[in-house]
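Input: a single structure, listed below in structure tokens.
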Amino acid sequence: MATRSVAVSTRRPREARLRWGRLPAWLRFSLLLAALIALWQAYVSIEQPDELLFASPLAVAEAFVDGWRDGTLARATWTTVQVLALGIGIGALIAVVLTVFATLTKIGEDMLSLLTAILNPLPGVAVLPLALLWFGLNTNALLFVIANATIWPIAINVSTGFRTVNPTLVAVGRNIGLSSRRLVTDVLVPAGLPHAISGLKTAWAFGWRTVIAAELVFGVSGADGGLGFFINNAKLYLQIPQVFAGLVMIAILGVVFETLFGVLERRTIVRWGMKTS
Amino acid sequence: MKRITLVLGLAAAVAVAVLAAAALAAPRGGGGPPDKLTIAYQPGIGYAPLIVIKQQRLIEKRYPGTEVEWKVLASGAAITDGVIKGDIHVGAGGVGPMLVGWARGVNWKFLAPMNDGDLWLMAKDPNIRTIADLQGKRIAMPSPTSIQAMVLRKMAQVKLGDARALDRGIISMDHPDAMQALISGQIDAHLTSAPFQFQEKVRGAHVVAKSYTYFGAHSFLGVMVTQKFYDDHPAFSKALYADVVKAIDLIKTKPDAVAKILQEDAGGFPTQRQFKQWITNPALSYTTRPRGLMRFAAFMNRIGVISKVPASWRELVFPPVYPTKGS
């Protein structure tokens, strides 16, 4: 993400590049973030909004630290990440099975297209009421909803990836006498990887939105709730700074995962020259 | 330079948007009776006085210029939100959300308590007979700030020694949903109110505990308005209090007529006889006299749900309620 901004800024007029674009990326983003927070604090100080509607950055920071100190925020975050990882894991597994069938047989391919066409546009939370009926008020319902939200983007992308591998590459592999196992591991999989990664990225974004929304809708129960539950619960007790702290946590996790995907891409497809960054 | 201008412009745009949103959210003042009034309550027979006022059009008869909108919301928390935002002018709900809001600075009080209510903890599984049997079980109630949640914590404190012992099991559900869930076995217990507890009993659930055992007879629901609303519309507020008193009198003296009103409001189901049984059941007694407010406030403060305690029950109600000699 950071490197891409540099590429953009080289196209800027010279003077702007001197003043802003020359600064290191972390400093530029920190400055922007600081400016936003200052603006936020200024709004709160000047306008003095109702404390029950809006919290100041200071109060939010306090609530954030308190939340980590007493473990409530940490526990909620851990619960959500755990459920999400498990849900995406299940989703990815099913997606791979479906894709293998789709690659091997024509009927599998048609089936996958049909299922994806039907189920992919469904917002994850839309199936929550059904999931609650089928699985009851527990984590299984959440897992079902997340898996459903993640299977389809992964399956679509992976199967596209396999089907769009450059035939020349495969032919070259055959020519130099690769075994079919090595043809898969050394040619097909790396060639399909950009699609797989973008599928995983989409799945993560879908899954993340779905889990938070689902937790907001039904807070499972008391101490076992995740971040959505934490936010909702804080709102019930009218602890607005805590609501903001939960949102900040979600934003931080978003940035962390985005960075992790960036690292993954740089280590693989960018290094192999399949994606410019 | 261009870049920096852009950043500043963007920042200014964000600030303007935020300010505009705040301006839109600001409530507007007034003098006499309000032009427009939104009253919100929840499902349940405890709101019968309001339903009588709604169906008899008592407010419209007194103030023809006032446009009244009635809303039925699923939980006290939703009503709290509406009152904070200014969308709801008169909210009705339990002692729990009222005290949580009061302690957090929602400047509201009971304009008219509506009833004392015994809240029953219902279970269907015959093995659940005592509070101790509920450990690790799923217990539904409107929200973790509802009066039911406070009652559950009191039960947990008395029977298990820890007020939060059963908190893990709390599931937020509105009463009609929770009743279905209890009967179909999706949840283990339901801490509820009339008429759901009566219906659940008929449909095979049994009473595990009752709130009166733990708090004594206590107020359940009331009509709440903000200090600002009361100050802006004092005559209107007093008249609304009088309407609640009138409706309660009607419930007591003409339960048949009221049962018919409630049946009409409910769309014809259940029967009028059923409604009459419910409103005359001693588990719910209609009165504007508050009871046990201080016991609830003190308990909620002790377990850390609210950070301050009123010096007297009078701090939680508006002047029309003072002569009732509450507690």
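Chain A is the first sequence line, chain B the second, and so forth, proteins listed ahead of strands; every chain is numbered from 1.
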Legend entry - Atom pair CD1/CD of Ile84(B) and Glu51(A) - distance to nearest 0.5 Å: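 Separation between the atoms: 12.0 Å.
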In a table with atom names and distances, give each donor-acceptor pair under 3.5 Å that connects a side chain of residues 140-160 of chain B to protein atoms at least two apart or in another chain.
{"unit_1": "Ser143(B)", "atom_1": "OG", "unit_2": "Thr145(B)", "atom_2": "N", "d": "3.0"}
{"unit_1": "Ser143(B)", "atom_1": "OG", "unit_2": "Thr145(B)", "atom_2": "OG1", "d": "3.0"}
{"unit_1": "Ser143(B)", "atom_1": "OG", "unit_2": "Ser146(B)", "atom_2": "N", "d": "3.3"}
{"unit_1": "Ser146(B)", "atom_1": "OG", "unit_2": "Ser143(B)", "atom_2": "O", "d": "2.7"}
{"unit_1": "Ser146(B)", "atom_1": "OG", "unit_2": "Ala149(B)", "atom_2": "N", "d": "3.3"}
{"unit_1": "Gln148(B)", "atom_1": "NE2", "unit_2": "His175(B)", "atom_2": "NE2", "d": "3.4"}
{"unit_1": "Arg153(B)", "atom_1": "NE", "unit_2": "Asp167(B)", "atom_2": "OD1", "d": "3.0"}
{"unit_1": "Arg153(B)", "atom_1": "NE", "unit_2": "Asp167(B)", "atom_2": "OD2", "d": "3.4"}
{"unit_1": "Arg153(B)", "atom_1": "NH1", "unit_2": "Tyr237(A)", "atom_2": "OH", "d": "3.4"}
{"unit_1": "Arg153(B)", "atom_1": "NH1", "unit_2": "Pro144(B)", "atom_2": "O", "d": "3.1"}
{"unit_1": "Arg153(B)", "atom_1": "NH2", "unit_2": "Tyr237(A)", "atom_2": "OH", "d": "3.1"}
{"unit_1": "Arg153(B)", "atom_1": "NH2", "unit_2": "Pro144(B)", "atom_2": "O", "d": "3.2"}
{"unit_1": "Arg153(B)", "atom_1": "NH2", "unit_2": "Asp167(B)", "atom_2": "OD2", "d": "3.4"}

Legend entry - Listed partners of Trp78(A) passing ring-ring contact (aromatic ring centres under 6.0 Å, His included), at least two apart: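 None.
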Inset, instruction - Write down the atom of Leu238(A), the atom of Val100(B), and the distance for their closest heavy-atom approach. - result: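 Smallest interatomic distance, heavy atoms only, reads CD1-O, 4.4 Å.
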Inset, instruction - Side-chain contact test, heavy atoms from C-beta onward, threshold under 4.5 Å: evaluate it for Arg104(B) versus Ile240(A) and give yes or no. - result: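 Counting from C-beta outward, Arg104(B) and Ile240(A) never come under 4.5 Å.
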Legend entry - Contacting region of Ile139(B) [heavy-atom separation from chain A under 4.5 Å]: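 For Ile139(B), there is no contact with chain A at all, as no heavy atom is under 4.5 Å.
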Legend entry - CZ (Arg209(A)) with more than 12 external heavy atoms under 6.0 Å: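 No, because the 6.0 Å sphere around CZ of Arg209(A) holds 12 heavy atoms or fewer from other groups.
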Legend entry - Within 6.0 Å of CD1 in Ile252(A), more than 12 heavy atoms from elsewhere: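 For Ile252(A), atom CD1 is crowded (more than 12 foreign heavy atoms under 6.0 Å).
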Inset, instruction - Measure distances from Gln239(A) to the heavy atoms of chain B and classify the residue's part below 4.5 Å as side chain, backbone, both or neither. - result: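 The answer is both parts of Gln239(A).
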